Trainee: 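Questions regarding the structure given below will be posed in turn.
Every value quoted in this text rests on a predicted model; they were computed, and no experiment measured them. As a basis for the values below, the full set of heavy atoms in this structure was taken, side chains included, without hydrogen atoms, waters or symmetry mates. Chain identifiers are assigned alphabetically (A, B, ...) following the order of the sequence lines, protein sequences preceding nucleic acid strands; residue numbering begins at 1 within each chain.
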2 protein chains.
Amino acid sequence: MSKHALKLIPSSTEHADVPSDCKNCGAYHLCMSLWLKTGDSSLLERVVKKKQVFKRGEVLYRMGQPLEYIYVIRGGSVKTCVSTEDGEVQVMGFHTAGELLGLNAISNREHKCEARAMGVTSVCEVSVERFEELAKKDPAIQYEILKIMSAEIHHGQELLLLLGKHNAEERIAIFLLNLSRQFEKRHCSATEFTLCMSRSDIGNYLGIAEETVCRIFARFQDDGLISSEYRNVKLKDIKRLEQIANQRPLRQTNVASLYS
Amino acid sequence: MSKHALKLIPSSTEHADVPSDCKNCGAYHLCMSLWLKTGDSSLLERVVKKKQVFKRGEVLYRMGQPLEYIYVIRGGSVKTCVSTEDGEVQVMGFHTAGELLGLNAISNREHKCEARAMGVTSVCEVSVERFEELAKKDPAIQYEILKIMSAEIHHGQELLLLLGKHNAEERIAIFLLNLSRQFEKRHCSATEFTLCMSRSDIGNYLGIAEETVCRIFARFQDDGLISSEYRNVKLKDIKRLEQIANQRPLRQTNVASLYS
DNA sequence: CGTCGCGTTGAACCCATTCAAACGAGGTGG
DNA sequence: CCACCTCGTTTGAATGGGTTCAACGCGACG
């Protein structure tokens with residue numbers, strides 16, 4: 001509990017209620033680059049259909065639902081996950097202020113994952129039809145769409161690398177460092193922050209059991225790498241965390257096999 | 001070695017040499033839907049810059065390289081993989097005739113993964129500039145781009161689910177069944193086919209050790225689920241394979257936690 | 001106050017990895 | 001032709017990391 005506190009959580013909870021002015025919105029910069037390249041700032045009001053607030057646990061959209069809106073997160077946090085017919089669930093990502101949700105469904109107009117608010121979350125709903133009208137007229141917007149989908153592919157690749165090639169300790173180190181960088185980008189403290197997701201969600205996301213997450217958090221704390229109580233985390237030795245994240249003491253992969 | 005053989009490997013090796021006629025190309029249908037919506041069939045020749053053949057192990061493009069061409073696979077097989085600075089590699093996917101490669105780099109014009117031929121592989125190189133010119137004029141092509149990127153995201157999600165929520169046995173069962181479906185789509189035998197990738201590649205792709213792949217192949221064979229010698233695989237009991245693929249005897253995931 | 005969700009810790013088990021060794025196929029060169 | 005090498009594959013034995021099951025503390029909430 002530092003007194004000279006930087007923000008421990010990003011712009012989310014401060015104005016989880018609908019902000020009257022977009023300039024306070026976590027998605028402000030994103031929106032500007034998206035719509036306002038057209039030079040018409042009133043456009044924004046015409047495109048954004050509805051501003052809406054979701055409470056903790058509420059669903060923005062489900063798998064299989066037709067794509068109606070694209071969501072811009074103003075504040076709060078959302079998790080996306082896919083599930084199979086037999087009930088297993090995989091958390092795909094955690095999303096906070098400034099991110100766009102729903103774009104990956106734009107091709108077949110059907111959501112391929114589910115989005116659920118993890119805390120009180122404020123979003124802008126953008127009509128897909130309106131959005132596509134704009135995109136058709138403005139190549140810059142098309143380009144933004146590509147960039148976002150591309151980023152999503154890239155994030156998926158990183159997660160894949162995480163699940164395929166790292167043990168539990170490394171996964172959590174990488175996870176914490178990624179969070180740290182994200183917070184830094186949002187001008188929050190990179191070393192002290194509050195997680196918006198449960199241990200269970202972290203475990204699911206990283207492909208390890210909830211208990212393992214706890215244990216490794218405890219181990220990291222014992223080793224002086226971090227200090228954590230519940231969802232408050234403080235990174236105390238980023239150097240060593242990075243060392244763990246990048247260590248590869250595994251069997252040296254047969255380089256020759258790359259050429260097969 | 002059945003005498004009344006269906007094709008065990010798709011159109012690949014048969015015309016790994018450059019086919020003079022696009023109608024023999026594995027990517028024929030894809031190309032038609034991509035370019036010929038414009039109604040101008042000579043367009044195809046103007047856009048496709050070069051037809052090229054890669055030998056086993058040769059690289060189409062590396063991570064970090066500027067995006068110059070998009071590749072349409074005519075025949076053969078290609079694996080894409082990402083790697084980190086410290087030398088670990090994760091196979092992202094196996095690609096065969098009819099697939100497009102390189103599109104996910106279209107936003108920042110820099111390849112985010114590496115593509116390497118697994119056997120003799122024939123491709124069409126398509127100039128990105130030319131391609132984008134076309135895309136700008138034709139919304140249908142933009143839509144195709146979105147569809148392909150969307151499919152890539154979807155495939156990534158499935159792989160993520162595989163790595164995060166399934167044990168080795170299930171992963172291989174799912175892998176084999178996916179292959180089976182792919183072959184079926186290409187009008188090859190769905191039950192008897194030849195793998196184009198090594199055990200090592202399979203293991204890397206599925207996030208398990210090479211030896212584990214061998215062992216499970218052996219176990220499946222002992223149990224009469226498949227018969228396999230080297231890269232020739234025959235699925236003998238798809239029902240039970242599907243049963244393994246969909247079984248979830250794991251701890252029942254706390255459904256309530258979904259709502260957090 | 002009792003319940004529920006979340007977090008934590010302990011102990012036993014087991015699946016997958018790791019290390020090691022060996023085999024067959026294919027290629028090369030003597 | 002055979003010796004030799006490499007690469008991909010296979011199998012065994014031992015180890016360990018992570019899961020699983022269980023129990024408990026804690027705070028929020030009705």
Trainee: Which whole-number value in Å describes the distance from R199(A) CZ to dC26(D) P?
Mentor: 17 Å
Trainee: For D223(B), which residues count as a side-chain hydrogen bond (donor to acceptor under 3.5 Å, both in side chains) partner, sequence neighbours excluded?
Mentor: none
Trainee: When you check the phosphate oxygens OP1 and OP2 of dT19(D), does a side-chain N or O of T212(A) lie under 4.0 Å from one of them?
Mentor: yes
Trainee: Would you call the rings of F94(A) and F175(A) parallel, tilted or perpendicular, taking 30° and 60° as the class edges?
Mentor: perpendicular
Trainee: Figure out the CG/P separation between L206(B) and dA16(C), and round it to whole Å.
Mentor: 12 Å
Trainee: Over how many whole Å does the gap from E169(A) atom CD to dG17(D) atom P extend?
Mentor: 9 Å
Trainee: Between the side chain of K165(B) and the main-chain N/O of N204(A), is any donor-acceptor distance below 3.5 Å?
Mentor: yes
Trainee: Donor-acceptor pair, R199(B) side chain versus Y230(B) backbone, under 3.5 Å?
Mentor: yes
Trainee: Could you check which of dT20(D), dT10(D), dC6(C) has an atom nearest any side-chain atom of S198(A)?
Mentor: dC6(C)
Trainee: Using a heavy-atom cut-off of under 4.0 Å over every strand shown, decide if G203(B) touches base, sugar-phosphate, or nothing.
Mentor: nothing
Trainee: Please report the distance, rounded to the nearest Å, between CG in N204(B) and P in dT9(D).
Mentor: 13 Å
Trainee: What is the distance from CD1 of I208(B) to P of dT9(D), rounded to the nearest Å?
Mentor: 14 Å
Trainee: Which of the following nucleotides, dC21(D), dA20(C), dC6(C), is nearest to the side chain of E211(A)?
Mentor: dC21(D)
Trainee: Whether the side chain of T80(B) engages the backbone of A115(B) through a donor-acceptor N/O pair (distance < 3.5 Å, no angle test) should be reported.
Mentor: no
Trainee: What integer distance in Å separates E210(B):CD from dA20(C):C1'?
Mentor: 14 Å
Trainee: Could you tell me the separation between the CZ atom of R231(B) and the P atom of dG24(C), rounded to a whole number of Å?
Mentor: 19 Å
Trainee: Within the structure, does a side-chain N or O atom of R215(A) lie under 4.0 Å from either OP1 or OP2 of dT9(C)?
Mentor: no
Trainee: Just how large is the angle between the end axes of the helix from dC1(C)-dG30(D) to dG30(C)-dC1(D), five pairs per end, to 10 degrees?
Mentor: 30°
Trainee: Could you tell me the separation between the NE2 atom of H166(B) and the P atom of dT19(D), rounded to a whole number of Å?
Mentor: 15 Å
Trainee: Are R116(A) and L60(A) side-chain neighbours, meaning at least one heavy-atom pair lies under 4.5 Å?
Mentor: no
Trainee: Would you list the pairs meeting side chain to side chain donor-acceptor pair (under 3.5 Å) in which at least one residue belongs to residues 151-160 of chain B, sequence neighbours left out?
Mentor: N104(B)-E152(B), H155(B)-Y205(B)
